[in-house]
Amino acid sequence: MTTIISTVFISLDGVAEIDFAWHGPYFDEAMGECVAADYDGVDVLLLGRGTYESFAGAWPEREAAGGEDAEFGALIGDTRKVVITSGEQDLGWRNVERAADPVAAAQALRSQGVGKVLIPGSLPVVRALLDAGELDELHLLVHPIAARSGDRLFTEGEPMLPMTLLRSKALPTGVLALEYAPVRAEA
(Lines give C-alpha, C1' and ligand atoms only; values in the text may rest on other atoms or scores of the structure.)
Protein backbone atom coordinates (compact mmCIF):
# COMPACT_ATOMS: atom_id res chain seq x y z
CA MET A 1 0.00 0.00 0.00
CA THR A 2 1.27 3.44 -0.92
CA THR A 3 1.56 6.10 1.77
CA ILE A 4 2.17 9.67 0.59
CA ILE A 5 3.65 11.89 3.31
CA SER A 6 4.54 15.56 3.25
CA THR A 7 7.07 16.99 5.69
CA VAL A 8 7.18 20.77 6.09
CA PHE A 9 9.18 23.20 8.24
CA ILE A 10 6.67 25.89 9.25
CA SER A 11 6.49 28.97 11.46
CA LEU A 12 3.73 29.71 13.97
CA ASP A 13 2.04 32.00 11.47
CA GLY A 14 1.99 29.34 8.74
CA VAL A 15 4.99 30.45 6.69
CA ALA A 16 6.61 27.44 5.09
CA GLU A 17 8.97 29.19 2.69
CA ILE A 18 12.22 28.30 4.42
CA ASP A 19 14.38 31.16 5.54
CA PHE A 20 17.51 30.17 7.44
CA ALA A 21 17.00 33.19 9.73
CA TRP A 22 13.95 31.56 11.33
CA HIS A 23 14.67 27.89 10.61
CA GLY A 24 18.40 27.60 11.32
CA PRO A 25 18.43 28.40 15.04
CA TYR A 26 15.96 25.58 15.72
CA PHE A 27 17.57 22.79 13.70
CA ASP A 28 19.23 20.54 16.25
CA GLU A 29 19.82 16.84 16.79
CA ALA A 30 16.21 16.23 17.85
CA MET A 31 14.84 17.86 14.70
CA GLY A 32 17.40 15.93 12.66
CA GLU A 33 15.99 12.72 14.16
CA CYS A 34 12.46 13.74 13.13
CA VAL A 35 13.61 14.46 9.59
CA ALA A 36 15.57 11.18 9.44
CA ALA A 37 12.45 9.28 10.58
CA ASP A 38 10.50 10.78 7.69
CA TYR A 39 13.16 9.61 5.23
CA ASP A 40 13.40 6.13 6.77
CA GLY A 41 12.10 3.55 4.31
CA VAL A 42 11.31 6.08 1.57
CA ASP A 43 10.87 4.57 -1.89
CA VAL A 44 10.25 7.79 -3.84
CA LEU A 45 10.76 11.50 -3.28
CA LEU A 46 8.07 13.61 -4.96
CA LEU A 47 9.49 17.09 -5.43
CA GLY A 48 8.42 20.40 -6.86
CA ARG A 49 10.88 21.99 -9.24
CA GLY A 50 12.13 24.59 -6.73
CA THR A 51 12.76 22.05 -3.97
CA TYR A 52 14.46 19.75 -6.45
CA GLU A 53 16.80 22.53 -7.59
CA SER A 54 17.65 23.28 -3.96
CA PHE A 55 18.39 19.60 -3.26
CA ALA A 56 20.34 19.07 -6.49
CA GLY A 57 22.35 22.22 -5.77
CA ALA A 58 23.47 20.98 -2.37
CA TRP A 59 23.29 17.23 -1.78
CA PRO A 60 25.50 15.87 -4.58
CA GLU A 61 28.33 18.13 -3.39
CA ARG A 62 27.82 17.15 0.24
CA GLU A 63 27.84 13.48 -0.72
CA ALA A 64 31.04 13.93 -2.73
CA ALA A 65 32.71 15.90 0.08
CA GLY A 66 32.45 12.88 2.36
CA GLY A 67 31.66 14.83 5.52
CA GLU A 68 28.98 14.23 8.10
CA ASP A 69 26.22 14.91 5.51
CA ALA A 70 27.63 12.44 2.95
CA GLU A 71 25.52 9.47 4.06
CA PHE A 72 22.28 11.46 3.89
CA GLY A 73 23.35 12.93 0.54
CA ALA A 74 23.89 9.41 -0.79
CA LEU A 75 20.48 8.35 0.50
CA ILE A 76 18.78 11.21 -1.34
CA GLY A 77 20.86 10.62 -4.46
CA ASP A 78 20.10 6.89 -4.52
CA THR A 79 16.37 7.39 -3.95
CA ARG A 80 14.04 7.58 -6.93
CA LYS A 81 12.97 11.19 -7.44
CA VAL A 82 9.89 12.34 -9.35
CA VAL A 83 10.11 16.05 -10.12
CA ILE A 84 7.01 18.06 -11.00
CA THR A 85 8.04 20.33 -13.85
CA SER A 86 6.67 21.48 -17.17
CA GLY A 87 10.12 22.14 -18.59
CA GLU A 88 12.37 19.86 -20.59
CA GLN A 89 15.65 21.02 -19.05
CA ASP A 90 18.23 18.51 -17.89
CA LEU A 91 17.56 17.60 -14.28
CA GLY A 92 21.16 16.48 -13.93
CA TRP A 93 21.11 14.16 -10.91
CA ARG A 94 20.79 10.41 -10.71
CA ASN A 95 17.50 8.52 -10.30
CA VAL A 96 15.39 11.45 -11.50
CA GLU A 97 12.31 11.45 -13.66
CA ARG A 98 9.89 14.20 -14.52
CA ALA A 99 6.12 14.50 -14.32
CA ALA A 100 3.92 17.42 -15.31
CA ASP A 101 1.04 17.04 -12.85
CA PRO A 102 1.43 16.29 -9.12
CA VAL A 103 -1.96 14.58 -8.75
CA ALA A 104 -1.38 12.34 -11.77
CA ALA A 105 2.13 11.55 -10.49
CA ALA A 106 0.77 10.57 -7.05
CA GLN A 107 -1.92 8.41 -8.63
CA ALA A 108 0.67 6.75 -10.88
CA LEU A 109 2.88 5.96 -7.87
CA ARG A 110 -0.14 4.41 -6.12
CA SER A 111 -0.95 2.31 -9.19
CA GLN A 112 2.69 1.13 -9.27
CA GLY A 113 2.33 -0.05 -5.68
CA VAL A 114 5.16 2.14 -4.42
CA GLY A 115 5.44 1.91 -0.62
CA LYS A 116 6.43 5.22 0.98
CA VAL A 117 6.44 8.49 -0.95
CA LEU A 118 7.87 11.57 0.77
CA ILE A 119 7.29 15.16 -0.28
CA PRO A 120 9.86 17.40 1.44
CA GLY A 121 8.68 21.01 1.23
CA SER A 122 7.31 21.58 -2.29
CA LEU A 123 4.30 23.64 -1.21
CA PRO A 124 2.47 23.71 -4.58
CA VAL A 125 2.70 19.91 -4.74
CA VAL A 126 1.44 19.52 -1.17
CA ARG A 127 -1.45 21.91 -1.79
CA ALA A 128 -2.48 20.09 -4.99
CA LEU A 129 -2.41 16.70 -3.28
CA LEU A 130 -4.35 17.96 -0.25
CA ASP A 131 -7.00 19.45 -2.53
CA ALA A 132 -7.24 16.20 -4.53
CA GLY A 133 -7.39 13.96 -1.44
CA GLU A 134 -4.10 12.28 -2.41
CA LEU A 135 -2.03 13.16 0.69
CA ASP A 136 -2.09 10.55 3.46
CA GLU A 137 -0.07 12.34 6.14
CA LEU A 138 1.08 15.91 6.77
CA HIS A 139 4.12 16.17 9.05
CA LEU A 140 4.76 19.68 10.37
CA LEU A 141 7.78 20.87 12.31
CA VAL A 142 6.26 24.01 13.82
CA HIS A 143 8.93 26.52 14.81
CA PRO A 144 8.23 28.83 17.79
CA ILE A 145 8.50 32.01 15.76
CA ALA A 146 6.22 34.19 13.66
CA ALA A 147 8.08 34.66 10.38
CA ARG A 148 5.66 37.46 9.36
CA SER A 149 6.38 37.12 5.64
CA GLY A 150 6.81 34.41 3.07
CA ASP A 151 4.79 31.74 1.31
CA ARG A 152 2.29 30.05 3.58
CA LEU A 153 1.40 26.37 3.46
CA PHE A 154 -2.33 27.00 3.30
CA THR A 155 -3.87 29.53 0.96
CA GLU A 156 -7.25 31.12 1.47
CA GLY A 157 -10.23 29.40 -0.02
CA GLU A 158 -12.69 26.61 0.34
CA PRO A 159 -13.26 23.96 1.45
CA MET A 160 -11.83 23.67 4.93
CA LEU A 161 -9.38 20.78 5.42
CA PRO A 162 -10.03 18.94 8.70
CA MET A 163 -7.14 16.88 10.07
CA THR A 164 -6.71 14.15 12.67
CA LEU A 165 -3.65 14.35 14.92
CA LEU A 166 -1.69 11.09 14.68
CA ARG A 167 1.36 11.93 16.80
CA SER A 168 2.93 14.92 18.51
CA LYS A 169 6.23 15.63 20.18
CA ALA A 170 7.75 18.75 21.72
CA LEU A 171 11.42 19.15 20.86
CA PRO A 172 13.94 20.79 23.25
CA THR A 173 14.10 23.98 21.14
CA GLY A 174 10.35 24.50 21.42
CA VAL A 175 9.63 23.11 17.94
CA LEU A 176 6.54 20.93 17.81
CA ALA A 177 6.64 17.83 15.61
CA LEU A 178 3.02 17.28 14.59
CA GLU A 179 1.79 14.49 12.33
CA TYR A 180 -1.69 14.72 10.85
CA ALA A 181 -3.89 12.72 8.51
CA PRO A 182 -6.48 14.54 6.42
CA VAL A 183 -10.00 13.52 7.34
CA ARG A 184 -11.49 11.79 4.32
CA ALA A 185 -15.07 12.64 3.38
CA GLU A 186 -17.52 9.77 3.71
CA ALA A 187 -18.46 8.30 0.34
Side-chain angles (χ1 to χ4, degrees), residues 4-27 31-32 34-36 38-39 42-65 69 72-109 114 116-132 134-143 145-157 161 175 178 180 182:
I4 300 176
I5 300 168
S6 168
T7 185
V8 177
F9 300 130
I10 191 166
S11 67
L12 285 175
D13 55 345
V15 173
E17 178 182 12
I18 297 302
D19 181 338
F20 188 78
W22 66 259
H23 168 65
Y26 298 100
F27 197 96
M31 187 183 293
C34 289
V35 171
D38 280 345
Y39 280 85
V42 165
D43 297 301
V44 176
L45 294 176
L46 183 58
L47 303 159
R49 177 73 184 168
T51 301
Y52 173 77
E53 287 176 353
S54 171
F55 277 33
W59 289 111
E61 290 177 16
R62 290 179 182 180
E63 178 184 3
D69 289 341
F72 188 70
L75 169 76
I76 294 174
D78 292 341
T79 301
R80 178 182 173 196
K81 291 169 281 300
V82 177
V83 179
I84 306 302
T85 181
S86 58
E88 293 297 321
Q89 59 275 54
D90 179 23
L91 295 174
W93 200 4
R94 66 187 185 275
N95 302 317
V96 180
E97 56 197 77
R98 67 182 70 243
D101 177 76
V103 174
Q107 292 168 342
L109 292 169
V114 170
K116 184 176 178 182
V117 177
L118 181 65
I119 308 162
S122 303
L123 301 183
V125 174
V126 174
R127 290 183 196 121
L129 296 185
L130 277 168
D131 288 346
E134 290 291 336
L135 190 72
D136 298 306
E137 293 183 18
L138 178 62
H139 296 187
L140 301 175
L141 287 158
V142 183
H143 294 55
I145 190 167
R148 312 273 316 243
S149 66
D151 199 10
R152 286 172 166 65
L153 173 58
F154 298 105
T155 57
E156 293 194 26
L161 297 167
V175 169
L178 305 172
Y180 291 97

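Numbers here simply count residues along the sequence, with the first being 1.
- Residues Arg98 and Asp90 are not paired through a salt bridge, judged by the lack of any N-O separation under 4.0 Å between the basic side chain and the carboxylate.
- Shortest non-hydrogen contact noted between Pro120 and Thr51 is O-CG2, 3.3 Å.
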Please set out all donor-acceptor pairs under 3.5 angstrom arising from side-chain atoms of residues 57-65, sequence neighbours excluded.
residue : atom : partner : partner atom : Å
Glu63   : OE1  : Arg94   : NH1          : 3.2
Glu63   : OE1  : Arg94   : NH2          : 3.1
Glu63   : OE2  : Arg94   : NH2          : 3.0

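- Side-chain atoms of Thr79 never come within 3.5 Å of backbone atoms of Gly77 as a donor-acceptor pair (strictly under, hydrogens ignored).
- To the nearest 0.5 angstrom, Ile119 atom CD1 is 11.5 Å from Glu137 atom CD.
- Of the candidates Leu109, Leu129, Val82, Leu109 is the only one forming a side chain to side chain contact (heavy atoms under 4.5 Å, CB included) with Val117.
- Expressed to the nearest 0.5 Å, how far CH2 of Trp22 lies from CD1 of Ile10 amounts to 7.5 Å.
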- CA sep, side-chain torsions, deciding dist, call: Leu12, Val142, side-chain contact (heavy atoms from CB on, under 4.5 Å): CA-CA 6 Å; Leu12 285 175; Val142 183; 3.8 Å; yes

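- Checked against a 6.0 Å centroid threshold, the rings of Phe72 and Tyr39 count as neighbours.
- By the 4.5 Å heavy-atom criterion applied to side chains, Leu135 and Val126 are counted as neighbours.
- Checking side-chain atoms of Tyr52 against main-chain N and O of Leu91 turns up a donor-acceptor pair under 3.5 Å.
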- Task: Start with the C-alpha distance between Ile18 and Phe20, add both sets of side-chain angles, then the distance that settles side-chain contact (heavy atoms from CB on, under 4.5 Å), and finish with yes or no.
- Result: CA-CA 6 Å; Ile18 297 302; Phe20 188 78; 5.9 Å; no

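- Every residue two or more places apart in sequence or in another chain was checked for a side-chain hydrogen bond (donor to acceptor under 3.5 Å, both in side chains) with Ser6, and none qualifies.
- The main-chain N or O of Val96 is never found under 3.5 Å from a side-chain atom of Arg80 such that the two would form a donor-acceptor pair.
- To the nearest 0.5 Å, atoms OG1 (Thr155) and CZ (Arg127) are separated by 5.5 Å.
- Looking only at distances, no side-chain donor or acceptor of Asp136 sits under 3.5 Å from a matching main-chain atom of Ile5.
- For Pro102 against Ala100, the heavy-atom pair with the smallest separation is CD-O, 4.1 Å.
- One distance of note links CD1 of Ile84 with OG of Ser122; it measures 8.5 Å at 0.5 Å rounding.
- Looking at His143, its side chain does come within 3.5 Å of a backbone N or O of Leu141 through a donor-acceptor pair.
- Residues Phe27 and Val175 fail the side-chain proximity criterion, which asks for heavy atoms closer than 4.5 Å.
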- Query: Going through the distances and angles, do Leu153 and Val15 end up as a side-chain contact (heavy atoms from CB on, under 4.5 Å)?
  - Reply: CA-CA 6 Å; Leu153 173 58; Val15 173; over 6 Å; no

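- You'll find the side chain of Leu123 stays beyond 4.5 Å of the side chain of Phe154, heavy atoms only.
- With values rounded to the nearest 0.5 angstrom, Asp151 atom CG is found 12.5 Å from Asp19 atom CG.
- The two residues Ala128 and Val103 come nearest to each other via the heavy atoms O-CG2, 3.8 Å.
- No donor-acceptor pair under 3.5 Å is formed between the side chain of Asp38 and the backbone N or O of Thr7.
- Ion pairing of Glu97 with Lys81 is absent here, as no side-chain N (NZ or NE/NH1/NH2) approaches a carboxylate O to less than 4.0 Å.
- For Ile4 against Glu134, the heavy-atom pair with the smallest separation is CD1-O, 3.6 Å.
- For Glu17, there are no side-chain hydrogen bond (donor to acceptor under 3.5 Å, both in side chains) partners at least two apart in sequence or on another chain.
- Taking 4.5 Å as the limit, some side-chain heavy atom of Tyr26 sits within range of a side-chain heavy atom of Met31.
- Rounded to the nearest 0.5 Å, atoms OG (Ser11) and CG (Leu140) are 11.0 Å apart.
- In this structure, the side chains of Leu130 and Pro182 come closer than 4.5 Å at one or more pairs of heavy atoms.
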